[in-house]
Each structure stands twice: as C-alpha cells, then as structure tokens.
Amino acid sequence: MATEQDHVTKGETDVDAERGYFGITFASRTKWNLIRLVTVVVYVLMLLPLLVIVVNSFNPSRLGNFPPESLSLRWYTELFADELMLRALWNSLQVGVAAAFGAGLIGTLTAMGFVRKNFRMQDALVIVLLSPLLVPPIIVGVAATIFFSQIGIGRSLMWLIVMHTLLGLPYAFLIIRSQLYLFDETLEEAAQTLGADRVTTFREVTLPLISPSIITAMVIVFVISFGEFTATQFWVKRTTTTVPVVIFSMLRTSISPKIDALATVMLVVTIAIPLAVLGIRRYAMPN
Amino acid sequence: MSTERARLPAMKDRVMENDWVQFLISPGIGIAWVLGLLFLPMTIILVISFAIPGDFGNVIYEFTTANYERFVNAGVYQSIILESLMYGVVVTLIALPAGYTVGYFLGRSKTDWKWVLLGLVVLQYWVPFIIRTYAWIIVLSNNGVLNTLLMDVGVIAQPLDVMYSNVSMILGLTVSLLPFMILPVYVSVSTIEEDQIHAAKTLGATDFRAFREITLPQSLPGIVSGILFVFIISAGAFLAPTLLGGPTTRMIAPIIEGVFINDFNWPFAAALSMIYFAIIAFLLYLFTRRVDLEEALETGAT
Amino acid sequence: MAFLELDDVRKEFGDLVAVDDVSLSIEEGQFVTIVGPSGCGKSTILRSITGLETPTSGEIRLEGNDITDLPPYRRNIGLVFQDYALFPHKTVFENVAFGLKMRGASDEEQRERVEEMLRMVNLEGYEEKYPKECSGGEQQRIAVARAIAFDPDLVLMDEPLSNLDKNLRTSIRSELRRIQDETGVTTVYVTHNQNEALSLGDKLAVMNDGRLEQYEEPETVYREPQTRFVADFLGRSTELPGTFRRRNGDAIAELDGGVELVVGNDESLAEGDDVALFLRDEKLKLVDGTAPTANVIDGTIESVDYRGRDVNYYIHVPELDQTLQVSHIADNSTETFHELGDRVSMYVEPENVTCLPASTGRS
Ligand SMILES: Nc1ncnc2c1ncn2[C@@H]1O[C@H](COP(=O)(O)OP(=O)(O)OP(=O)(O)O)[C@@H](O)[C@H]1O
Ligand SMILES: [Mg+2]
C-alpha cells in the first residue's frame with residue numbers, strides 16, 4: 001500500500017489525495033463525482049445554447065431545424081446588407097471604445113485620489129462611487145432619461161458614451177485601485193525629487209506601471225457597454241441604436257435566423273476584442 | 001536657484017500644488033460623474049414622482065401624492081414588487097448551490113482543463129445578457145432545438161410547453177447569472193490551502209466536517225458577493241421576464257418600462273422607481289449591518 | 001550664512017511630534033551624518049529638506065533662499081532612498097538620465113553624463129539593463145548615480161546601505177565617501193549604524209525622539225558627549241549614577257556604591273549635583289604591574305570571551321553591583337590570561353570618564 005505522502009504529492013484531484021483513508025474513500029469519491037456531474041451540467045447549460053445560436057446562424061433554412069441540413073452564409077450576407085444593423089454595430093463599437101477610455105481615465109484619477117489622499121467621508125464616498133452597481137439598471141435608465149429631457153439634452157451617441165462611462169466606472173475604479181494598493185509610492189517621490197512635476201510623474205512613472213490594470217479595466221468596461229441593454233433601451237434613437245437594442249426589437253417582431261447571425265457577430269466581438277487586447281498586453285508587457 | 005523662483009513658485013505649480021485643485025481632479029472627477037449622472041437624476045425623479053403626469057411624457061409640476069396613492073391603492077404593484085423579490089430569492093437559491101459547486105470544483109480540481117474551464121466562465125460572463133437570454137428561446141420554444149430533437153428521437157409526441165413560463169424565465173435568469181456566483185466562489189476557494197483540509201482530516205474530521213469548519217467559512221466572502229450580485233440583478237431583471245416569461249410572469253422592471261414607454265406616465269414610473277429603489281436600499285442596509293458592502297462589491301467586480 | 005540652514009523645523013503628524021524644533025546648518029561641500037534610533041525623525045528631516053514633507057513650522061533655507069514651501073521638483077536636491085526606488089520599467093540609462101531629461105538636457109548631454117556617472121560608480125556597460133537584473137549593491141550604486149547625475153545642490157541619503165549585507169556595506173561606504181570627495185557635492189547621510197556615523201562624516205548630528213542632541217565633529221561627539229543619550233548611544237559604555245564633589249581642586253564623582261572616581265573638570269557642575277558617569281568599555285584598562293594611584297576599581301572575573309586578537313573580560317564589581325566589560329589586547333608572548341573568579345583591578349584615566357548632570361537627555 002502506498003503511503004499517504006504519495007497520494008498527497010501525486011494526487012490529481014482531491015479524490016486521489018484521499019484514497020488512502022479507509023472507510024471514507026468510496027464516499028469521497030462519490031461526492032467528488034457528484035460535484036463533477038453538477039459542473040458538467042452547468043457548463044452544458046451555459047454553453048450549449050450559445051453553441052446552438054452559432055450553428056443556427058449558418059443554417060440556410062428559415063425554420064432553423066436543428067441540426068441544420070446544410071450550411072450557408074445566407075444570413076450573414078443579409079445582415080451585412082442591412083444598413084440599420086451595420087449602423088448599430090458601428091455605434092456599439094464607438095460607444096464601447098469611448099466608454100472604455102472614459103472610464104479608464106476617470107477610474108484611474110479617482111482610484112489615485114482614494115488611495116493616495118485622506119479626506120473626510122472617504123468610506124461613504126467609495127459607496128457613492130460604487131452605487132452604479134447597486135441601483136437597478138432600469139432605474140438608472142429611467143432616471144437619466146427624465147433628467148436629460150428635463151434639462152433639454154437630446155439623445156445622441158455622446159449621451160450613451162457618458163452614461164456607459166458611468167456604468168463602467170465602478171468596475172474600472174475597483175480594478176485599478178487594487179493595483180494601486182500594490183504600487184510603491186516612493187517611485188513617485190523619487191521622480192519628483194529628480195525634477196518631475198505631478199503631471200510628468202504620472203506620465204513617466206505611475207501610468208506605465210499601473211497600465212496593465214487600466215487595460216484590463218478598459219476591456220471590462222467595453223464588454224459591459226457593448227452588452228448593456230436594460231438602461232440603454234431608453235437612451236437610443238434610431239440613428240444611435242446599439243446592437244442589443246436592435247436584437248431586442250427584432251425579437252419582438254419576428255424570429256429570424258438573421259438574429260442568430262447578428263448575435264454570433266456580437267459574440268465574436270465581445271470575446272475576440274478583449275482576448276486580443278489582453279493578449280497584446282501580455283505580449284507587450286511581459287511582467 | 002534664484003530668489004525669485006523660490007519666492008514666487010510658477011503659477012502652474014501653485015495651481016497643481018493646491019489641495020483643492022488636486023482633490024477636484026483626483027478623486028473629484030469620478031465622484032462628480034456619479035453625483036451628476038446618477039444622484040442628481042435620482043433626485044429629479046424623486047421630485048417628479050410627486051408631480052402630475054401630463055400628456056406624452058410631459059410633467060406638470062404641481063405637488064401631489066397621487067402617484068404613491070395609486071401604488072398603495074392598486075394592490076397589483078405591491079404584489080409585483082413582492083413577486084420580483086421572490087424571483088430574486090428563488091434564482092439566488094438555485095444559483096448558490098449550483099454556482100458554489102462549480103466554483104468549488106474549479107478551486108479544488110487539478111485537471112489540466114481547469115484553465116480552459118475557468119476561461120469559459122469568464123467568456124460566458126462577457127457574453128451580453130441579451131444573447132444569453134435569446135439563446136433559451138431557440139432552445140426551449142415549441143419548435144425549438146430541444147423539442148425538435150426530442151420529437152425526432154421519439155421521446156415525446158407533443159412539444160413540451162416550457163417556453164414562455166416562469167420555469168423558462170427562472171432557468172434563463174439563473175444560468176445567465178451563474179458566473180456571478182462561480183467566479184467569486186472560485187477565487188475564495190482557491191486561496192484556501194489544501195493542507196488545512198488535510199490537517200483537519202488527520203485530526204479526525206469527516207469530509208463534511210472539514211468542509212463545514214474550513215472551506216465554507218473561508219469561502220464566505222465569495223458567497224456573500226455572489227448572493228449580492230445575483231439577487232440584485234435577478235430581482236431587477238428586465239430581459240428574462242420580457243423575453244422568456246409567460247403570461248403569469250410579472251416583474252417590476254418590465255412594469256416600470258411599460259409605464260414609462262407605453263403609458264408615457266413619467267411621474268408614476270418615477271414613483272415606482274423610487275419605491276423599488278427604497279426597498280433595495282433598505283435590503284442593502286440590512287445587508288451592510290452584517291457584511292462589508294465595499295468588500296462584497298470588490299470581490300464580485302474584480 | 002551657511003549653505004543649508006534648518007531653522008526651528010518642526011513636523012507633527014497629528015499628536016505625534018516627529019521633528020521637534022531642529023536647527024542645523026551645513027556648509028557647502030560638507031558630508032554630514034545624522035544618526036539616531038529608529039523612529040527618531042531622521043527620515044522626516046530629509047523628506048522636509050527635499051520637499052516631500054512640508055514642516056508644520058520653521059524654515060529651511062538653501063543658499064539663503066527660503067525653500068520651505070517649494071515643491072520637490074522645483075528644488076535641486078537629490079535623494080537616495082533606503083529601498084533605492086529605481087524605476088522598474090526603465091533601463092539603468094533611463095533611470096540615471098531621468099533628472100537630466102527633466103531639466104531638458106539633450107540626448108548627447110544625457111549620454112555623456114550617464115556614462116560618466118556609471119564610470120564613477122563602477123558600472124560601465126550597465127546602461128541597457130533593467131534594475132531587476134542588477135544585484136542589490138549594483139542597484140544601490142545606480143540610485144546614487146541617479147541622485148547625483150543632474151548635478152544637484154545637495155544630495156541626501158536615507159540609510160542607503162541598510163539593505164545590503166555587511167561586506168558590501170563596508171566597501172560601498174568607502175566608495176560613497178570617495179564619490180563625495182570626487183564630486184564635492186554637499187551630502188547629508190542618515191543612518192542608524194554607529195560605525196557609519198562615526199567614520200563617514202565631517203560632522204555628526206545625533207537625534208533622539210525628534211530632537212537634535214548634539215551636532216559636532218564625529219570625534220568630539222564620541223569623546224565629549226553632551227547628553228546622557230549621546231554618551232549611551234555611541235559606543236559601548238556602562239552608566240553609573242553618583243554625586244559630584246570637589247576636593248583639592250579635583251573633580252570627583254562619588255558613586256552610589258562608595259567608589260570614587262576622579263573625572264575631567266567640568267565648570268558647569270557644582271558640589272552635590274547628581275551625575276551620571278559613563279565608562280567606555282575600551283577606555284577601561286586592567287591594572288598590570290604598577291598600579292596607578294587613582295581611579296582603580298576592583299572586581300572579580302565573571303566570564304571571559306576569547307575573540308582571537310583580543311579578550312573581553314566581564315568583571316563584577318560588588319560595590320557598584322555592576323558588571324563592567326574590559327577589552328584587552330592579547331599579546332601572547334607576555335600576557336597571562338586571567339581565569340574565571342580571579343580578582344583583578346582596573347583603572348580609567350580621568351579625562352576618559354564622561355560625567356554629565358543626571359538630568360540631561362534621558363537615555
Ligand atoms: N506620514 C506619516 N504619518 C504619521 N506618522 C509618521 C509619518 N511619517 C513618519 N511618521 C512618524 O514619525 C516618526 C519619525 O519617523 P521617521 O520616519 O522620520 O523616523 P526615522 O528616524 O527615519 O526612523 P527609521 O530609522 O526607522 O527609518 C515615527 O514615529 C513615525 O511613525
Ligand atoms: Mg527612516
């Protein structure tokens with residue numbers, strides 16, 4: 001019989017690590033298998049429906065029988081001929097990128113203030129800053145719409161950018177702040193004694209060193225902005241509509257595989273862009 | 001170094017070194033953003049909730065409590081809010097064990113697939129809600145993938161009528177929100193050293209005892225954060241009840257949207273929003289008496 | 001007018017007084033060392049001089065100009081940090097050139113000056129490395145090069161050697177002194193290491209609890225400490241309480257156990273004053289053959305500590321209820337070693353006994 005040590009070092013899973021304990025071996029194993037089963041079921045539930053969308057988008061049949069009898073790009077051709085959809089895609093990209101930059105910039109400045117300075121009501125102000133996570137988006141949507149209409153500002157892409165920046169700000173703040181906690185402030189002090197003013201110090205020292213977290217934050221904000229619907233539905237007009245809003249209104253009228261194609265495009269954008277950015281980040285900043 | 005320079009620091013320095021200027025830039029700009037675009041609008045809808053609705057979204061600024069009276073008198077809105085909270089609880093109660101199990105698996109398993117599996121959860125987290133919700137329509141509807149397959153195989157003769165019901169809504173919502181439970185649980189479980197568990201077991205603890213005494217308490221921050229996010233998002237969900245729900249599914253977000261968009265009754269939509277917000281805020285307040293809200297949000301968002 | 005003057009500089013952090021009205025002046029080209037126990041305010045003083053900290057009150061003048069409120073980047077003062085604070089994302093070249101770049105030096109000037117600096121700290125060819133690719137000692141020298149490269153009016157060093165091992169510390173210490181001699185830059189050096197304090201500077205400031213205790217040449221500070229704190233802090237010595245007496249023109253300290261020692265005459269003391277006596281270990285000598293007439297103390301050897309070249313005897317003196325330590329150079333040919341339990345006598349020259357009023361600077 002192998003020793004307990006062997007199991008601990010060799011153990012591939014918890015189960016293996018426990019194989020040596022008589023009596024409970026079988027029970028542990030069953031439990032672990034149960035955990036595995038639940039995990040598999042959850043993954044199937046999470047991923048299979050998405051897979052169906054992707055496969056269906058290549059199904060030329062209007063009825064979308066599954067599995068498809070043949071594959072074609074018919075719906076993509078229709079999709080890319082539809083001006084409204086292209087417009088929505090373009091709007092979504094613009095808003096997402098702009099909100100990412102907005103929340104990245106504001107999140108950085110804000111996180112720096114909270115980490116570096118001591119001021120009154122700091123704890124309460126953190127909650128203020130995080131409140132966009134707590135207020136249900138339906139209320140954010142209604143409140144902003146009423147607010148802008150009362151002060152007489154019409155719907156525009158700018159409106160979307162400003163509001164999506166707000167929705168992404170708590171994420172950006174938290175992500176950047178957690179890296180700033182690890183940042184060695186004496187580096188900034190060193191730069192200052194060497195003659196760098198505050199702006200230069202930020203540019204030369206702080207920014208390069210916290211940029212990994214800023215990039216991560218911007219990616220997350222882009223993803224949030226790109227997929228946001230509940231609040232955004234109140235904020236768009238025909239020319240500033242975004243992809244989720246278009247999908248929603250298509251679903252209301254008729255279900256066509258064109259939706260699958262659009263959803264697949266959205267899926268690709270929302271996964272490929274972050275992965276590409278994070279990949280480039282890893283490549284460009286090895287540490 | 002000249003005397004003048006010492007006595008009269010450059011104008012730029014004086015501005016940049018001013019504590020107030022510094023505060024306004026950092027962190028002031030972020031605080032201002034939230035105050036101006038969330039707190040101010042919320043204040044305005046609070047005001048408007050006491051005004052009289054005009055035609056086509058106009059608001060007649062005359063003080064009235066009619067909107068709130070309508071809420072109190074027409075019991076339907078009260079039960080809708082209550083039902084929303086109930087759905088929130090149900091979804092949370094399903095997502096907690098399911099998400100915890102997966103998070104625990106990812107935190108404990110040592111398969112080479114772990115990073116792939118983890119990556120899939122993160123990707124799932126990135127997929128817009130609308131797509132995750134829509135996916136269930138194709139899967140569950142009467143001529144959807146599930147029914148077609150089952151009928152082709154001959155398991156059933158008639159399509160299962162699960163779509164457009166509370167079941168499909170809860171299913172869609174729960175699966176959509178699972179990443180919010182899985183990821184924080186994974187993070188807190190994976191930081192627990194396995195030696196602690198082995199130690200407990202060598203001291204005679206059963207699997208279950210070891211789990212209860214060691215793993216569970218240490219993964220509590222993940223659980224708390226998961227519950228917070230799943231509950232708030234599901235109780236205020238809009239897409240799932242609208243797209244997947246059935247005739248008896250009633251939730252507050254679609255109702256507010258209906259009052260706002262279809263009825264054009266802004267003051268009443270504002271009143272409903274304020275009431276719902278007050279309830280959420282109160283629940284959060286109860287929540288913060290036991291746990292650190294900031295920490296919970298941080299665990300969930302990063 | 002001195003080059004750098006601190007005038008009643010005070011810094012409070014809430015209730016805590018980190019620097020307590022310190023006045024200090026430093027001449028151009030001097031190498032001044034500040035020493036004191038941890039938390040006594042050394043770093044706070046340096047940070048006030050560079051502008052990273054603004055004093056609560058008091059004034060700092062450089063060449064007569066009040067720089068108290070000037071931001072650090074408008075002063076021309078180099079600072080070497082305890083943990084070096086090298087920019088991890090910049091190469092050695094970029095680190096050393098940073099101050100020059102901030103002052104608008106051309107690429108050519110930067111290259112020349114950085115090369116010169118790296119030659120001075122014996123790190124030629126390190127330009128393209130990153131700090132994390134350099135050893136602790138190398139990083140330390142890069143930090144020094146960076147703080148000097150832009151030709152500052154003043155260089156401050158905050159315990160720059162404390163992260164290095166002992167051998168490296170000794171060699172870099174002499175290198176720092178050489179660099180200072182070569183460049184002639186006025187230097188303030190903070191340490192809590194006595195050896196560094198005594199060997200390195202032209203002048204030595206001893207601090208305790210935010211206050212400046214003594215500020216003189218290192219030798220003077222060592223030989224004539226002015227407060228009990230300084231006497232106790234520098235070197236190893238034994239403190240003995242007693243009473244001051246004048247007899248036949250001699251100044252005498254009557255120790256509490258009945259032993260009397262003649263001390264150097266000090267006009268400021270009066271008959272009957274309570275005093276604290278400090279006997280430095282290395283000034284106590286064993287009586288060997290001819291006994292001196294005064295300042296002899298008898299005791300029993302309690303333990304012996306052989307250290308190769310010299311021997312430390314721990315000698316218990318019953319009258320004083322104290323154990324004194326005597327270092328003795330072992331000269332193998334003639335010496336007889338004393339054994340445990342031997343009764344021996346020791347003496348100390350009157351001018352080597354430090355006698356201070358008991359009320360000055362608590363130790
Ligand atoms: N930013 C600050 N806020 C509050 N207290 C501080 C701050 N900086 C320093 N202190 C306190 O001021 C006192 C002096 O600190 P300082 O760093 O100057 O000591 P030091 O002599 O450099 O000590 P060490 O040898 O340990 O470096 C300490 O008690 C320290 O805790
Ligand atoms: Mg210090």
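Protein chains get the first letters and strands the later ones, always in sequence-line order, with residue 1 at the start of each.
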Original post:
Just wondering, do C:Leu86 and A:Leu187 contact through their side chains at under 4.5 Å, heavy atoms?
Top reply: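 A:Leu187 vs C:Leu86: side chains apart.
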
Original post:
Any side-chain heavy atom of A:Leu194 sitting closer than 4.5 Å to one from C:Phe87?
Top reply: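 In short, these two side chains touch, coming nearer than 4.5 Å.
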
Original post:
What heavy-atom pair brings C:Arg146 and A:Ala190 nearest, and what distance separates the two atoms?
Top reply: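 Taking C:Arg146 first and A:Ala190 second, the nearest heavy atoms are NH2-CB, 3.5 Å.
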
**OP:** State, to 0.1 Å, how close C:His89 and A:Pro208 come at their nearest heavy-atom pair, and which atoms those are.
**Re:**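 Between these two residues, the closest heavy atoms are CD2-CB, 3.5 Å.
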
Original post:
Looking at C:Thr50, C:Leu52, C:Leu100, which has the largest count of heavy-atom pairs under 4.5 Å with chain A?
Top reply: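 If we count pairs closer than 4.5 Å to chain A, C:Leu52 comes out on top.
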
What part of [X] is in contact with chain C, defined as an atom under 4.5 angstrom from a non-hydrogen atom: side chain, backbone, both or neither?
X	value
A:Asp197	both
A:Glu188	neither
A:Thr200	side chain

Between [atom1] of [X] and [atom2] of [Y], what distance do you get to the nearest 0.5 Å?
X	Y	atom1	atom2	answer
A:Thr193	C:Tyr73	OG1	OH	13.0 Å
C:Arg74	A:Gln192	CZ	CD	10.5 Å
A:Thr201	C:Phe98	OG1	CZ	6.0 Å

Subject >> Residue-level interface, residues 222-232 of chain A with chain C, non-hydrogen cut-off under 4.5 Å >> reply: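 Against chain C, none of the residues of residues 222-232 of chain A fall inside the cut-off of heavy atoms under 4.5 Å.
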
Original post:
Non-hydrogen atoms of chain A under 4.5 Å away: do they reach the side chain of C:Arg47, the backbone, both or neither?
Top reply: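 Contact with chain A is through the side chain of C:Arg47 alone.
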
**OP:** Taking atom CZ of A:Phe101 as the centre, report whether more than 12 heavy atoms of other residues, nucleotides or ligands fall under 6.0 Å from it.
**Re:**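 No, because the 6.0 Å sphere around CZ of A:Phe101 holds 12 heavy atoms or fewer from other groups.
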
